[in-house]
Amino acid sequence: MLTNASAVHGYAIAASDGRIGSISDFLFDDASWSVRWLVVETGNWLSGRKVLLPPSVLGHPDPVRQEFSVRLSMAQVKDSPDIDTALPVSRQIETHVYDYYGWSPYWGSGLYYPYWDGGFYAGDIGYDGGGITASQSPESSQPGADNASAQRSDDDLHLRSTEAVKGYHIHARDGEIGHVEDFLLDDVDWSIRYLVVDTKNWWSGKKVLIAPRSVQQIDWTDRLVNLDVDRQMVKDSPAYDPSMTLDRAYEKQFHGHYGDIPKGD
């Protein structure tokens with residue numbers, strides 16, 4: 001199911017013995033466009049501390065209560081590594097979090113399995129940069145080797161904040177066309193399926209979707225998202241209404257417009 005990142009921003013995170021905070025941000029990999037971490041604001045409970053949790057620990061969302069459940073205790077979260085989200089989240093920091101919880105990291109083997117008390121979380125699913133992979137026993141992972149590799153690659157990071165990227169200007173091959181307003185997330189594999197782009201300064205308030213495959217580069221210095229398509233292609237794409245449900249017919253029309261209809265259609 002696709003959901004707007006802004007729609008679950010602020011959702012509470014409910015541990016087994018109480019609420020631990022609320023979602024304040026998502027950190028995604030700008031190479032694979034996979035959400036790697038949720039940033040959880042703990043509020044007064046931990047004096048405003050922020051903690052990182054991988055999305056695979058989340059249970060199903062409860063839209064009525066506006067919360068996700070996690071099979072963690074408040075004490076576990078309380079004693080987790082301190083994170084300063086005002087600074088870049090390095091691979092070494094990620095390693096500390098995985099080591100503390102005893103989870104297998106997503107890098108190295110490419111599998112992503114939070115593990116606790118003999119049971120897998122989230123239906124035994126994992127990430128390999130956007131897709132679901134087959135289950136693997138955590139005993140088959142090599143955390144020591146993974147950690148060493150992680151620390152060696154500490155300067156090769158792609159983690160970015162969805163909150164920071166909101167407002168970035170969108171540049172097609174032949175000029176600017178709008179700005180990033182939101183992200184559409186797939187809450188099965190927690191990949192970013194689309195960027196929601198507001199083009200109101202060009203085309204009477206029209207909003208469109210941009211697939212990550214059309215993004216050529218993100219310029220973090222100048223706050224730009226550069227596309228590998230021209231403005232006319234974006235202008236002629238199907239309009240997007242945030243109140244609508246993206247059905248298969250819309251997605252088929254969208255991908256047909258960009259010439260990349262998925263197999264089976």
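- Residues Pro54 and Leu38 approach most closely at C-CD1, 3.9 Å, considering heavy atoms.
- Here the side chains of Leu227 and His171 are not in contact, with every heavy-atom distance at 4.5 Å or above.
- Closest non-hydrogen pair, Trp190 versus Pro55, comes out as CG-CB, 3.5 Å.
- To the nearest 0.5 Å, atom CD of residue Gln232 and atom CD1 of residue Ile177 are 11.0 Å apart.
- Contact of the Leu185 side chain with the Ile192 side chain is registered, since non-hydrogen atoms from C-beta on lie closer than 4.5 Å.
- The closest side-chain heavy-atom distance from Thr3 to Leu184 is not below 4.5 Å.
- Identified under the ring pair (Phe, Tyr, Trp, His ring centres under 6.0 Å) test for residues 215-239, with sequence neighbours left out: Tyr168-Trp220.
- Salt bridge annotation for Glu251-Arg193: present, with a cationic side-chain nitrogen under 4.0 angstrom from a carboxylate oxygen.
- For the pair His257 (side chain) and Met233 (backbone), a donor-acceptor distance under 3.5 Å is present.
- Put simply, the side chain of Lys50 does not reach to within 4.5 Å of the side chain of Ile83, judged on heavy atoms.
- The ring-ring contact (aromatic ring centres under 6.0 Å, His included) check on Tyr250 picks up nothing, with sequence neighbours excluded.
- In this structure, the salt bridge (Lys or Arg N to Asp or Glu O under 4.0 Å) partners of Glu163, at least two apart in sequence or on a different chain, are Lys166.
- Closest approach of Val208 and Pro238 over heavy atoms only: CG1-O, 4.2 Å.
- Annotation: ring-ring contact (aromatic ring centres under 6.0 Å, His included) contacts of Tyr240 (sequence neighbours excluded): none.
- When the side chain to side chain donor-acceptor pair (under 3.5 Å) test is applied to Gln217, no partner is found at least two apart in sequence or on another chain.
- One distance of note links OG of Ser80 with OH of Tyr101; it measures 4.0 Å at 0.5 Å rounding.
- Checking Glu94 against Trp37 by side-chain atom types alone, a donor-acceptor pair falls below 3.5 Å.
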Pair Val234-Val197, side-chain contact (heavy atoms from CB on, under 4.5 Å): steps then yes or no: CA-CA 10 Å; Val234 176; Val197 177; 5.9 Å; no
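- Partners of Ser161 under the side chain to side chain donor-acceptor pair (under 3.5 Å) rule, at least two apart in sequence or in another chain, are Asp25.
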Donor-acceptor list for residues 6-21 side chains, cut-off 3.5 Å, not counting sequence neighbours:
unit_1 : atom_1 : unit_2 : atom_2 : d
Ser6   : OG     : Asp182 : OD2    : 2.4
His9   : NE2    : Ser24  : O      : 2.8
Ser16  : OG     : Leu72  : O      : 3.2
Asp17  : OD1    : Met74  : N      : 2.9
Arg19  : NE     : Glu67  : OE1    : 3.2
Arg19  : NH2    : Glu67  : OE1    : 3.0

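- Pairs of residues two or more places apart, or lying in two chains, that qualify as ring pair (Phe, Tyr, Trp, His ring centres under 6.0 Å) and include a residue from residues 12-32 are Phe28-Trp33, Phe28-Phe183.
- With sequence neighbours excluded, no residue forms a ring-ring contact (aromatic ring centres under 6.0 Å, His included) with Trp45.
- Considering only heavy atoms from C-beta on, Pro242 comes within 4.5 Å of Lys207 through its side chain.
- To the nearest 0.5 Å, the span separating OH on Tyr194 from CG on Asp186 amounts to 10.0 Å.
- Salt-bridge annotation for Arg160 and Asp30: present, with a side-chain N of the basic residue lying under 4.0 Å from a carboxylate O of the acidic one.
- Thr199 contributes atom OG1, which lies 10.0 Å from atom CD of Glu181 (distance to the nearest 0.5 angstrom).
- Here the NE2 atom belonging to His96 is positioned 7.0 Å from the OG atom belonging to Ser90, to the nearest 0.5 angstrom.
- Residue pairs meeting the salt bridge (Lys or Arg N to Asp or Glu O under 4.0 Å) criterion with at least one partner in residues 218-227, sequence neighbours excluded, are absent.
- The main-chain N or O of Val57 is never found under 3.5 Å from a side-chain atom of Arg71 such that the two would form a donor-acceptor pair.
- Considering only residues two or more places apart in sequence or on other chains, Asn44 meets the side chain to side chain donor-acceptor pair (under 3.5 Å) condition with none of them.
- In this structure, the separation between CD1 on Ile170 and OG on Ser214 is 10.5 Å, given to the nearest 0.5 Å.
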So Thr42 and Val51, side-chain contact (heavy atoms from CB on, under 4.5 Å) or not? Walk me through it. CA-CA 7 Å; Thr42 61; Val51 296; 4.3 Å; yes
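- Side chains of Ser73 and Gln76: a donor on one and an acceptor on the other come within 3.5 Å.
- Between Leu27 and Leu52 there is a side-chain heavy-atom pair separated by less than 4.5 Å.
- Both Val39 and Leu46 belong to a single network of hydrophobic side chains, linked directly or stepwise wherever heavy atoms of I, L, V, M, F, W or Y lie under 4.5 Å apart.
- Annotation for Met1: atom CE does not count as buried by contact number, only 12 or fewer foreign heavy atoms lying within 6.0 Å.
- By the 4.5 Å heavy-atom criterion applied to side chains, Tyr258 and Ile210 are counted as neighbours.
- Residue pairs meeting the salt bridge (Lys or Arg N to Asp or Glu O under 4.0 Å) criterion with at least one partner in residues 79-88, sequence neighbours excluded, are Arg49-Asp82.
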Show your working on side-chain contact (heavy atoms from CB on, under 4.5 Å) between His60 and Phe68 and close with a plain yes or no. CA-CA 6 Å; His60 294 296; Phe68 286 94; over 6 Å; no
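- Side-chain polar atoms of Gln66 and Asp62 form no donor-acceptor pair below 3.5 angstrom.
- Two residues are said to be in side-chain contact when any heavy atoms from C-beta on lie closer than 4.5 Å; Leu224 and Ile218 fail this criterion.
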Test side-chain contact (heavy atoms from CB on, under 4.5 Å) applied to Val215 and Asp228, step by step: CA-CA 6 Å; Val215 177; Asp228 195 26; over 6 Å; no
